[in-house]
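Read the structure below first, then the notes.
Just so it is clear: chains get the letters A, B, ... in the order the sequence lines come, proteins before strands, and each one is counted from 1.
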2 protein chains.
Amino acid sequence: MEKVTMKDVAIKAGVSKSTVSQYINNRYEYMAPATKKRIESAIKDLHYIPNYVAKSLKQKKSATIGVIVANILHSFTTEIIRVIEDTCKQNDFHIFVCNADDNPEKEQSYINMLIAKQVDGLIIFPTTGNLESYKQLRKAQFPVVFIDRKMEPVIFPTILLDNEKASELAVDCLLKGGKTRICLVGQSIEGGITPRLERIEGFKKALLKNGLPVNENWIVTADSHEINKQLLSVWQDEDNRPNAFYAINGMAAIHLLTFLKANNVRIPGDVSVVTMDDSPFLAASTPAITVVTQPNYEMGKDTANIILGLIENPELKEEYQVLRYQPKLIERESV
Amino acid sequence: MEKVTMKDVAIKAGVSKSTVSQYINNRYEYMAPATKKRIESAIKDLHYIPNYVAKSLKQKKSATIGVIVANILHSFTTEIIRVIEDTCKQNDFHIFVCNADDNPEKEQSYINMLIAKQVDGLIIFPTTGNLESYKQLRKAQFPVVFIDRKMEPVIFPTILLDNEKASELAVDCLLKGGKTRICLVGQSIEGGITPRLERIEGFKKALLKNGLPVNENWIVTADSHEINKQLLSVWQDEDNRPNAFYAINGMAAIHLLTFLKANNVRIPGDVSVVTMDDSPFLAASTPAITVVTQPNYEMGKDTANIILGLIENPELKEEYQVLRYQPKLIERESV
DNA sequence: TTGAAAGCGCTAACAT
DNA sequence: ATGTTAGCGCTTTCAA
């Protein structure tokens with residue numbers, strides 16, 4: 001099956017390889033109808049499938065885009081991937097997805113691998129730590145688009161949520177519900193991960209804007225195995241307990257909800273809760289959780305279209321303006 | 001950056017292409033240390049990245065495995081993908097994931113695309129409808145492993161959950177909780193999707209085994225937009241209501257939970273609930289939902305190892321025995 | 001220890 | 001309307 005080549009088809013159809021190539025690429029213009037028919041049936045008889053690898057080598061393009069995500073476990077990531085894939089498919093491009101696991105070395109090795117595989121462009125949820133490599137790509141005029149995280153200087157088109165606004169929406173909603181003692185729940189901020197940093201920053205600003213104090217103890221940013229302990233210490237200070245929680249992403253939400261359940265804290269009776277990123281489970285749970293969502297569809301779609309445009313016309317500007325997308329609040333029953 | 005070829009490195013290092021090739025492939029055996037050094041620095045200076053496409057063409061292998069999933073929205077799918085990817089990475093293989101969306105034509109086109117891209121093997125969550133194509137692959141001795149769904153005859157290694165056992169676990173658990181009026185919630189069974197069929201079959205057997213009648217009305221198998229309507233009609237028959245629900249996969253679980261919430265049905269007060277496939281949200285919700293889980297890790301790991309073995313030694317047997325994996329019950333608070 | 005040369009399967013410019 | 005030919009960048013004998 002794999003050994004059938006264009007040559008075999010050519011011989012069987014009694015034409016030259018070039019004519020078969022024309023046929024494969026739908027250029028029937030100057031081809032005699034009879035020839036076309038013969039090639040057609042030769043292909044069918046032999047079960048011929050063209051070899052894209054050879055084609056890519058010759059054409060120096062692969063019609064595929066590499067996608068390096070920081071962490072595939074986030075629902076935001078998988079949803080974005082789906083949109084990117086759909087958009088690419090419509091343009092006859094394929095995507096090759098790699099998971100960097102928030103690890104700069106892994107990311108670097110994937111960048112090299114994908115370049116080696118001759119992808120035509122790269123969509124990256126960048127980790128910090130490979131700036132040199134990005135600059136390299138920039139210098140080579142290689143098409144890249146960043147999403148979700150920002151690199152300074154902004155040398156490639158960058159798509160980001162308005163993260164401060166997202167926190168503002170959450171805080172305002174909680175305040176409207178009469179809760180002023182808000183504890184933020186995040187994940188580790190080592191590594192300077194943009195959305196986490198910006199959401200925390202937005203959280204503080206929103207508090208201040210409303211004349212509320214910022215209590216650093218109520219900004220819980222820890223890794224999975226640490227977070228429970230920290231939440232406990234916040235909660236056990238009975239004289240000074242928060243009456244609301246804001247989880248800054250889906251993972252943090254899971255940790256928070258797990259913690260609250262384990263400690264018999266009732267929502268919204270004891271505390272109100274708002275989390276980032278939606279999930280059908282959050283809507284179906286009791287109480288249904290109020291969330292702030294990202295416009296995944298637009299963000300994914302625009303990312304794909306920008307990279308596609310760059311591939312067609314690889315003219316990188318000196319510096320880019322970060323493109324910001326607006327979050328949305330979905331009020332349910334947890335406030 | 002992309003235009004640097006082995007030839008450039010060779011010139012810069014003052015050696016021939018062949019020697020550079022040896023270096024790239026870690027064959028330093030008969031290479032003078034000085035030569036090695038020169039090549040090393042030439043590569044660094046030029047930022048040379050080898051072209052895998054050319055390598056693949058020459059070697060007729062790509063060190064990548066195509067993975068065609070039936071539906072990427074199922075958590076089972078994404079978890080399996082992760083395990084497969086990890087296992088492949090350890091063996092210096094990459095995976096190229098495609099989502100067939102339960103559509104046989106899409107699946108067929110992905111099979112062709114991946115073969116065209118010269119993948120060394122295929123892992124498929126098969127839809128029904130492309131049997132001819134599978135036979136083709138079989139005839140060509142092309143390495144393929146099926147997972148999650150069964151094709152008859154079993155011409156490729158096939159990895160499946162013991163689906164009937166899964167239903168038995170769910171039913172037994174519900175019975176133990178004193179609930180005998182159990183309604184199964186699934187998705188459309190058109191297309192003969194193995195796990196759905198087998199879980200329904202196992203459900204019936206488990207009922208019968210316990211001397212309970214099988215009520216076909218209480219086997220709800222509908223598409224997303226229909227399922228709510230059907231559940232409503234089951235529930236509105238007030239004289240004859242189920243007192244327990246069993247959702248046969250993660251999607252069905254979401255529909256069920258959404259329905260129950262919308263209709264103010266309390267769990268486990270009004271009805272007990274058991275669902276297939278776990279999620280952190282299910283564990284953190286109130287009440288925590290009792291689930292039956294699949295051994296994702298083993299299933300993914302074995303799938304990857306089998307395909308890797310087949311690639312190394314492509315000797316397909318005439319027919320295979322389906323490999324069955326055991327589900328597990330995790331009891332929580334919903335029964 | 002290193003180099004020369006052929007060829008993987010395809011495309012595209014050029015001939016005819 | 002169809003064929004000839006020269007590579008794309010690499011690996012791999014074989015020779016030196």
Can you give me every donor-acceptor pair (side chain of residues 51-73 of chain B, partner residue at least two apart or in another chain, under 3.5 Å) with its distance?
from: B/Asn51; atom 1: OD1; to: B/Val53; atom 2: N; distance (Å): 2.8
from: B/Asn51; atom 1: OD1; to: B/Ala54; atom 2: N; distance (Å): 3.1
from: B/Lys55; atom 1: NZ; to: B/Asn25; atom 2: OD1; distance (Å): 3.1
from: B/Ser56; atom 1: OG; to: B/Tyr52; atom 2: O; distance (Å): 2.9
from: B/Ser56; atom 1: OG; to: B/Lys61; atom 2: O; distance (Å): 3.4
from: B/Ser62; atom 1: OG; to: B/Thr64; atom 2: N; distance (Å): 3.4
from: B/Ser62; atom 1: OG; to: B/Gln118; atom 2: O; distance (Å): 2.6
from: B/Asn71; atom 1: OD1; to: B/Leu73; atom 2: N; distance (Å): 2.9

Handout entry: Any side-chain heavy-atom pair of A/Arg149 and A/Pro195 under 4.5 Å
Key = yes
Practice task
Using a 4.5 Å cut-off on heavy atoms from C-beta on, say whether the side chain of A/Tyr48 contacts that of A/Asp8.
Solution key: no
Exercise for the section: Mind calculating the distance between OH (B/Tyr23) and C1' (C/dT1) to the nearest angstrom? Expected result: 17 Å
Sequence neighbours excluded and cut-off under 3.5 Å, please list the side-chain donor-acceptor pairs for residues 308-316 of chain B, or say none.
none

Problem - Backbone of B/Gly191 reached by a side-chain donor or acceptor of B/Thr128 within 3.5 Å - result: yes
Restricting both atoms to N or O, compile the protein contacts to nucleotides 13-16 of chain C shorter than 3.5 Å, with distance only.
none

Fill in the blank from the handout: Closest non-hydrogen contact found for A/Met113 with A/Cys98 is CE-SG, 3.8 Å
Problem - Residue-phosphate contact under 4.0 Å: A/Arg27 side-chain N/O, C/dT11 OP1/OP2 - result: no
Problem - Whole-Å gap separating P (C/dC8) and NZ (B/Lys117) - result: 22 Å
Completion exercise
Residues passing the ring-ring contact (aromatic ring centres under 6.0 Å, His included) test with B/Tyr23, sequence neighbours excluded, are B/Tyr28
Handout entry: Contact check, side chains of A/Ile111 and A/Tyr134, non-hydrogen atoms, under 4.5 Å
Key = yes
Fill in the blank from the handout: A/Glu132 meets the side-chain contact (heavy atoms from CB on, under 4.5 Å) criterion, sequence neighbours left out, with A/Lys135
Practice task
Would you indicate, yes or no, if C/dG3 has its OP1 or OP2 atom less than 4.0 angstrom from a side-chain nitrogen or oxygen of B/Ser16?
Solution key: yes
Fill in the blank from the handout: Rounded to whole Å, the CD1-P distance (A/Ile49 to C/dC10) equals 11 Å
Exercise for the section: Choose from D/dG3, D/dC10, C/dG9 the nucleotide whose nearest atom is closest to any side-chain atom of A/Asn51. Expected result: C/dG9
Handout entry: Of B/Gly14 and B/Lys17, the one whose closest DNA chain C nucleotide lies more 5'
Key = B/Gly14
Exercise for the section: Grab the CD-P distance between A/Gln118 and D/dC10 for me, whole Å please. Expected result: 8 Å
Handout entry: Results of ring-ring contact (aromatic ring centres under 6.0 Å, His included) for A/Phe93 - residues two or more places apart only
Key = none
Practice task
Mind listing the residues from residues 54-62 of chain A sitting with a heavy atom below 4.0 Å of DNA chain D? Number order is fine.
Solution key: A/Leu57, A/Lys58, A/Lys60
Practice task
Please check if the side chain of B/Thr194 supplies one atom and the backbone of B/Lys150 the other of a donor-acceptor pair under 3.5 Å.
Solution key: yes
Practice task
For C/dT2, take OP1 and OP2 only and decide whether either is under 4.0 Å from a side-chain N or O of B/Thr19.
Solution key: no
Practice task
Scan for ring pair (Phe, Tyr, Trp, His ring centres under 6.0 Å) pairs involving residues 56-89 of chain A, sequence neighbours excluded, and state none if there are none.
Solution key: none
Review item, side-chain donor-acceptor pairs of residues 317-325 of chain B, under 3.5 Å, at least two apart:
from: B/Tyr320; atom 1: OH; to: B/Lys317; atom 2: N; distance (Å): 3.0
from: B/Arg324; atom 1: NH1; to: B/Leu161; atom 2: O; distance (Å): 2.8
from: B/Arg324; atom 1: NH1; to: B/Glu198; atom 2: OE1; distance (Å): 2.8
from: B/Arg324; atom 1: NH2; to: B/Glu198; atom 2: OE2; distance (Å): 2.9
from: B/Tyr325; atom 1: OH; to: B/Asp302; atom 2: OD2; distance (Å): 2.5

Practice task
Check the distance between D/dG3's C1' and A/Ile11's CD1 and give it to me in whole angstrom.
Solution key: 14 Å
Fill in the blank from the handout: In whole angstroms, the gap separating P of C/dA5 from NZ of B/Lys7 amounts to 13 Å
Exercise for the section: Work out how much the helix from C/dT1-D/dA16 to C/dT16-D/dA1 bends between its end axes, five pairs an end, to the nearest 10 degrees. Expected result: 40°
Handout entry: Sub-4.0 Å heavy-atom contacts from residues 35-43 of chain B onto DNA chain C, ordered by number
Key = B/Thr35
Problem - Any donor-acceptor pair under 3.5 Å from B/Glu107 side chain to B/Thr127 backbone - result: yes
Exercise for the section: May I have the distance from B/Ile24 (atom CD1) to D/dG9 (atom P), rounded to whole angstrom? Expected result: 15 Å
Practice task
Grab the OH-P distance between A/Tyr52 and C/dT11 for me, whole Å please.
Solution key: 10 Å
Problem - Phosphate contact (C/dT11 OP1 or OP2) by A/Ser21 side-chain N/O below 4.0 Å - result: yes
Problem - A/Tyr48 vs C/dC10: side-chain N/O to OP1/OP2 distance below 4.0 Å - result: yes
Problem - Sugar-phosphate, base or nothing in reach of B/Met6, heavy atoms under 4.0 Å - result: base
Handout entry: Non-neighbouring partners of B/Lys7 that pass side-chain contact (heavy atoms from CB on, under 4.5 Å), sequence neighbours left out
Key = B/Thr5, B/Ile11, B/Lys17
